[in-house]
Amino acid sequence: MSETIASGPVGSGHVDDQPRPGRWLALAVLVLAVLLVGVDVTVLGLATPFLSEDLQPSGAQLLWIGDIYSFVIAGLLVSMGGLGDRIGRKKLLLVGSTAFGAVSVLCAYATSPEMMIAARALLGVAGATLMPSTLALIRNLFHDPKERSLAVGIWGAMASAGTAVGPVLGGFLLGHFWWGSVFLINLPVMALLVVVGAKVIPESRRSDPGPWDLPSVLLSLVGIIAVVYAIKEVAVHGYRWDIALSAVVGVAALVWFVRRQLTLSSPLLNMKLFHHRGFSGAVLADLLTILGLSGLVFFLSQFLQMVQLRSPLDAGLTELPAAVGAVGAGLAAGYVARRLSVRIVVSGGLAVVGLSLAGCMTLHADTGTFALGTILFVVGIGAGFSFTVTADVILSSVPKEEAGAASGVSETAYELGAALGIALLGSIVTGIYRGFTVPPGLSPEATEAARESLGGAFEQAEELPGAQGQMLIKAAQDSFVDGLDIAAGVAAVILLSAAVAAWFLLRGQELGTSRPKPAGEPESGASAESGSAAGGPSTRP
């Protein structure tokens, strides 16, 4: 299978492995998209209290605003990665970036919860084009394994930098403008990416990819959304026939998707990629890690602003140490993984995150900034090491021509984990929160509104006499913290389980190789280009 780069096929049936001139400048443009995605995720958490006050969503609608983006993007990432392999990764990136900017305007001026949910869904469609394209282009820009490890580290560091810039920039904007301004910051970044990227990013695509199978696209989208929806609804409402039907439809669609890929001559996703133990282990580690982190992070901003009563800017600065730790760890991850081993770095990083999350079980209204910053800094270090190395493993495990689809799988695990984390851990927080005791004399309507969300409790308190309002806020805050502490404990168990799984699945895995290292073989910088991702799992004892 040959790869087409720039104006035509390079070489005779294979990709030219000579270093590409201008690759570092192209990387600088590519990571703008990653930076933007990181900013978009974190600013939404900060804007949630303001958005809740203006649009007045129910508790369920608030969760949908938070996770519909991840649902849609998870359902489309593999499809968009395969589309980029076919029509050109640069073309897909530039078209998606333009759409992302346009839909951001729609989010900024949403006038109802339903409109915001729809806009976030459309943003997910556009966002699904960004991450697979950037990783796939990196895979094709950097042929040397050590250079690629550094490039992936920069890619991961910029994603973390986005989470750092997002809260601080978002906090500043929320302190001076209305909540919609946090979406409008996407526009200048997208404009720069499109204008400069059109000039410096080389085009790459598969030379004989076959058709983009629309039934497979629909099956993956329906399957993932239906399954995640069922999990979310069961966690909140318990078992119902309509939820069970959604689960059955989702599982059936995913099974049909897999069976269809196995029969197509040019599948949307080559299922043989999962025969590679390193690829499967890295994907599973990402899924479990994000599942454990995302739900907690989603509610952390609400804790900082509505329990500790920090300003948006103060909340953003409090969360900054996590991103600082992740940036540093991401840049060093490739070097450390080669000096030690892939599984030590990934498993150790996940264990560190898990233990730090266990420390979050002690959070309360009086927890100081230093203690919070220390916990978040350690979380950032562990996550930075883990995510950067697993991304490198995934890219190193596949041939260049399938980089888009493989990157789509990697990002699907990330986004699906985020959606599941918000649904499951968010449901734990919400379920425990709703059980708090309201002050005497509160009407049933006011009680229901206060129990919908912490923002709802603040709104109801404003309409009550001073002492009664304070009692309501205190009871709601205490209940919210109880839910957050229990969710942190569940998240810690998930992360420690992911560390154990990674330890076994990544045994013998090296960076820059498409196979686990046999016993006794010295460290090598062999490229994955000569290997096959379709090979079976390692037999190393």
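Values in this document were obtained by computation on a predicted structure and should not be read as measured data.
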Checklist line | Arg240 vs Leu245, side-chain contact (heavy atoms from CB on, under 4.5 Å): CA-CA, chis, key distance, verdict | finding: CA-CA 9 Å; Arg240 295 197 314 251; Leu245 179 62; over 6 Å; no

Which atom of [X] lies closest to which atom of [Y], heavy atoms considered:
X      : Y      : value
Leu425 : Ala491 : CD1-CB, 3.9 Å
Ile68  : Ala121 : CG1-CB, 3.9 Å
Val353 : Val379 : CG2-O, 3.6 Å
Leu55  : Ser112 : CD2-N, 3.7 Å
Ile65  : Pro57  : CD1-CB, 4.3 Å
Val389 : Val346 : CG1-CG2, 3.6 Å

Side-chain donor/acceptor of [X] to backbone N/O of [Y], under 3.5 Å:
X      : Y      : value
Thr390 : Ser386 : yes
Thr388 : Phe385 : no
Thr129 : Val125 : no

How many angstroms lie between atom [atom1] of [X] and atom [atom2] of [Y], to the nearest 0.5 angstrom?
X      : Y      : atom1 : atom2 : value
Met190 : Ser104 : CE    : OG    : 8.0 Å
Arg120 : Leu106 : CZ    : CG    : 12.0 Å
Thr289 : Phe387 : OG1   : CZ    : 5.0 Å
Leu505 : Phe279 : CG    : CZ    : 13.0 Å
Leu187 : Leu192 : CG    : CG    : 12.5 Å
Ile428 : Asp485 : CD1   : CG    : 12.0 Å

Note to self: Is there a side-chain contact (heavy atoms from CB on, under 4.5 Å) between Leu264 and Ser216? Walk through the geometry before answering.
What the structure shows: CA-CA 10 Å; Leu264 291 174; Ser216 296; 3.8 Å; yes

Margin query: What verdict does the side-chain contact (heavy atoms from CB on, under 4.5 Å) test give for Leu219 and Arg260, after you've listed the backbone C-alpha separation in whole Å, the side-chain angles of each residue and the deciding distance to 0.1 Å?
Written below: CA-CA 10 Å; Leu219 287 171; Arg260 186 173 181 83; 4.3 Å; yes

Margin query: For Ser246, give me all partners under side-chain contact (heavy atoms from CB on, under 4.5 Å), at least two apart in sequence or on another chain.
Written below: Ala226, Tyr229, Ala230

Margin query: Tell me every residue that passes side-chain contact (heavy atoms from CB on, under 4.5 Å) with Met306, counting only those two or more places apart in sequence or in another chain.
Written below: Pro49, Leu454, Phe458

Notebook entry, point to check: Can you find a pair of side-chain heavy atoms, one from Val217 and one from Leu76, that are under 4.5 Å apart?
Noted result: yes

Next item on the list: Indicate yes or no: at least one non-hydrogen side-chain atom of Val194 is less than 4.5 angstrom from one of Leu93.
Entry: no

Item checked: Verdict with reasoning, Ile432 to Leu484, per side-chain contact (heavy atoms from CB on, under 4.5 Å) -> CA-CA 9 Å; Ile432 294 173; Leu484 191 63; over 6 Å; no

